[in-house]
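Read through the structure below, which is laid out as structure tokens, and then see the notes.
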Amino acid sequence: MSAFSRFTPLIRALPSTVPFVGPEAIERQRGLPVKARIGANESGFGPAPSVLAAIREHAGETWKYNDPENYDLKQALAAHLGIRADNIAIGEGIDSLLGLIVRLVIDPGSVVVTSFGAYPTFNFHANGFGCRLVTVPYAGDREDLNGLLDAVKREDATLVYFANPDNPMGSWWEADDIVAFARALPETCLMILDEAYCETGPAIAMPSMATLIEQPNVIRTRTFSKAYGLAGSRVGYAIGTPGTIQAFDKIRHHFGMNRIGMVAAQAALADQAYLREVVGNIKRARERIAAIAADNGLSALSSATNFVAIDCGRDGVHARAIVDGLMQHGVFIRMPGVAPLNRCVRISVGPDQDLDLLAEALPQVLKAL
């Protein structure tokens with residue numbers, strides 16, 4: 001297959017990689033319809049009725065570009081979080097923001113530290129800018145804060161990535177531990193604190209806004225894709241000091257946000273009553289997933305996210321067989337990509353009808369293995 005002859009040496013050296021294979025691709029490849037979409041950490045509970053009403057009301061405005069300053073959402077978020085609008089950058093979901101952050105600080109050869117098995121899209125961006133990726137194994141089912149800090153100092157790292165609550169294990173550290181980690185970092189190392197699941201985790205895991213807002217080498221990332229039910233709208237935001245946040249204006253896509261997605265995000269933020277209802281639904285769904293696992297001789301790990309990691313008791317080959325077997329029944333789930341985390345499968349929360357299909361299919365799959 002021929003290709004353009006003047007790609008950069010870095011691009012020529014990188015493999016063609018898709019960090020996640022979506023359920024749509026699985027349907028196309030295997031000819032199997034997805035009946036229970038509980039593998040992508042979306043919210044099967046959907047957005048609030050008030051959000052859908054706002055989308056319908058403003059749908060006719062989709063011919064317009066969105067305000068390139070993202071002014072209204074930044075003001076709403078600032079009021080909600082008790083910070084200033086210039087502490088906030090808006091982006092096309094956390095994934096896009098991760099790419100921008102990497103671009104801000106990484107030169108070819110720069111050292112980036114992350115956990116081995118953590119969110120793969122971050123690695124995708126870091127490798128795409130030619131970093132040297134240094135990974136630290138998990139300590140049990142949690143990211144190893146001490147190991148990450150040691151690696152940062154040993155390698156003189158430019159960037160460190162840490163998610164709390166964690167993807168793919170669902171575990172978490174308490175706020176005091178995270179703040180201590182952030183304050184122990186060298187000033188020359190930027191920390192990405194990925195808080196995609198902050199709404200579903202315990203309050204004790206979330207550092208207050210005031211605690212880290214004045215630390216220039218910390219950027220917190222959050223999203224409307226999880227508890228707010230807007231994964232398809234692609235709205236995320238970064239929180240940091242005004243000086244750090246201002247750097248995004250040098251490289252961000254100024255017309256990258258879609259107008260209807262921004263309307264949806266503002267309506268979702270305004271409907272905190274619905275958010276509380278969904279968080280309750282997520283908690284109950286996590287409990288049901290854990291019960292289904294226990295009924296089938298499997299162990300659910302404690303989770304602060306909108307998914308549950310299930311220890312399948314053996315290895316990645318066995319876990320993959322469960323994933324593939326459930327897909328034969330139309331139940332889409334995922335698993336971590338590296339050992340030893342890949343002894344687990346990861347099941348996203350969803351409405352009762354989706355978990356009913358899981359409860360029906362799982363014993364059949366296990367019996368066939």
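Being a predicted model, the structure only gives us computed values, none of them experimental.
- Relative ring orientation between Tyr197 and Phe307 is described as perpendicular, the plane-to-plane angle rising above 60° on a 0-90° scale split at 30° and 60°.
- Here NZ of Lys226 is found 14.5 Å from CD of Glu195. Values are rounded to the nearest 0.5 Å.
- Note that CG of Asn281 and OG of Ser43 are 8.5 Å apart. Values are rounded to the nearest 0.5 Å.
- Exactly one of Asp194, Asp95, Thr114 qualifies for a side-chain hydrogen bond (donor to acceptor under 3.5 Å, both in side chains) with Tyr119. That residue is Asp95.
- Under the 3.5 Å distance criterion, the side-chain polar atoms of Asn217 are matched with a main-chain donor or acceptor of Pro186.
- Residue Leu10 is not grouped with residue Ile251 when hydrophobic side chains (ILVMFWY) are merged at heavy-atom distances under 4.5 angstrom, including chains of intermediate members.
- Salt bridge status for Arg343 with Asp141: absent, with no side-chain N to carboxylate O gap under 4.0 Å.
- For the residue pair Tyr274 and Phe45, the shortest heavy atom distance occurs at OH-O, 3.1 Å.
- For CZ of Arg30, the number of neighbouring non-hydrogen atoms (other residues, nucleotides, ligands) closer than 6.0 Å is greater than 12.
- Contact check for Ser233 versus Ile260: no side-chain heavy atoms found under the 4.5 Å cut-off.
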Requested in this report: Show your working on salt bridge (charged side-chain N to carboxylate O under 4.0 Å, His left out) between Glu24 and Arg28 and close with a plain yes or no.
Outcome: CA-CA 6 Å; Glu24 297 86 356; Arg28 289 190 294 269; over 6 Å; no
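- Met191 is connected to Val152 through a chain of hydrophobic side-chain contacts under 4.5 Å among Ile, Leu, Val, Met, Phe, Trp and Tyr, so both are in one cluster.
- Between Pro216 and Thr244, the closest heavy-atom pair is O-OG1, 2.9 Å.
- Scored by the side-chain hydrogen bond (donor to acceptor under 3.5 Å, both in side chains) test, Glu92 finds Ser96, His253 as partners (sequence neighbours excluded).
- Contact check for Val235 versus Leu73: side-chain heavy atoms found under the 4.5 Å cut-off.
- The aromatic rings of Tyr228 and Phe224 lie tilted to each other, with the angle between the two planes from 30° to 60°.
- Looking only at distances, no side-chain donor or acceptor of Asp144 sits under 3.5 Å from a matching main-chain atom of Tyr138.
- Residues Ile101 and Ile106 are members of one and the same hydrophobic cluster, defined by side-chain heavy-atom contacts under 4.5 angstrom among Ile, Leu, Val, Met, Phe, Trp and Tyr.
- A heavy-atom distance below 4.5 Å is found between the side chains of Thr200 and Arg286.
- Here the CG-CD distance, from Asp166 to Glu143, works out to 4.5 Å after rounding to the nearest 0.5 Å.
- Follow the hydrophobic side-chain contacts under 4.5 Å out from Phe162 and you reach Leu149 in the same cluster.
- Going from atom CG of Leu355 over to atom CD of Glu360 covers 13.0 Å, rounded to the nearest 0.5 Å.
- Nearest heavy atom pair, residue Thr305 against residue Ile282, reads O-CG2, 3.8 Å.
- Using a cut-off of 4.0 Å between Lys/Arg side-chain N and Asp/Glu carboxylate O, Asp67 and Lys74 are scored as not salt-bridged.
- Within 6.0 Å of CD on Gln364 lie more than 12 heavy atoms contributed by other residues, nucleotides or ligands.
- Residue-environment remark: CZ (Arg12) exceeds the threshold of 12 foreign heavy atoms within 6.0 Å.
- Applying the 6.0 Å contact sphere to CZ of Phe129 captures more than 12 heavy atoms from other residues, nucleotides or ligands.
- Within the 4.5 Å cutoff, the side chain of Leu98 has heavy atoms near those of the Tyr161 side chain.
- Between Leu159 and Ser110, every side-chain heavy-atom pair lies at or beyond the 4.5 Å cut-off.
- Gln266 places a side-chain N or O within 3.5 Å of a backbone atom of Met262 that can act as its donor or acceptor partner.
- Within the model, atoms CH2 of Trp172 and CE of Met206 stand 10.0 Å from one another, a figure rounded to the nearest 0.5 Å.
- Closest heavy-atom contact between Gly350 and Ala285: O-CB, 4.0 Å.
- No more than 12 heavy-atom neighbours from other residues, nucleotides or ligands sit within 6.0 angstrom of NZ on Lys250.
- By the 4.5 Å heavy-atom criterion applied to side chains, Tyr237 and Leu81 are counted as neighbours.
- Across Pro47 and Gly229, no two heavy atoms sit closer than the pair CD-O, 3.6 Å.
- The shortest side-chain heavy-atom distance between Ile322 and Leu362 falls under the 4.5 Å cut-off.
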Requested in this report: Please lay out, stage by stage, how Val111 and Asp156 fare under the test side chain to side chain contact (heavy atoms under 4.5 Å, CB included).
Outcome: CA-CA 7 Å; Val111 175; Asp156 187 23; over 6 Å; no
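- Here the side chains of Leu275 and Gln272 are in contact, with some heavy-atom distance below 4.5 Å.
- Both Leu366 and Val331 sit in one connected hydrophobic cluster of ILVMFWY residues. Membership requires side-chain heavy atoms under 4.5 Å apart, directly or through other members.
- The minimum heavy-atom distance linking Leu357 with Ala36 is given by the pair CD1-CB, 4.0 Å.
- Shown here is Glu69, whose CD atom has no more than 12 heavy atoms of other residues, nucleotides or ligands within 6.0 Å.
- Judged by distance alone, the side chains of Arg346 and Asn167 do bring a donor and an acceptor atom under 3.5 Å apart.
- By the 6.0 Å contact criterion, CD on Gln353 is enclosed, its count of non-hydrogen atoms from other residues, nucleotides or ligands being greater than 12.
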**Report entry** Evaluation steps, salt bridge (charged side-chain N to carboxylate O under 4.0 Å, His left out), between Arg284 and Asp352
**Finding:** CA-CA 10 Å; Arg284 285 186 289 274; Asp352 286 338; over 6 Å; no
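- Between the CD1 atom of Ile192 and the CG atom of Leu97 there is a distance of 9.5 Å, given to the nearest 0.5 Å.
- For Leu14, the CG atom counts as densely surrounded, since its 6.0 Å shell holds more than 12 non-hydrogen atoms of other residues, nucleotides or ligands.
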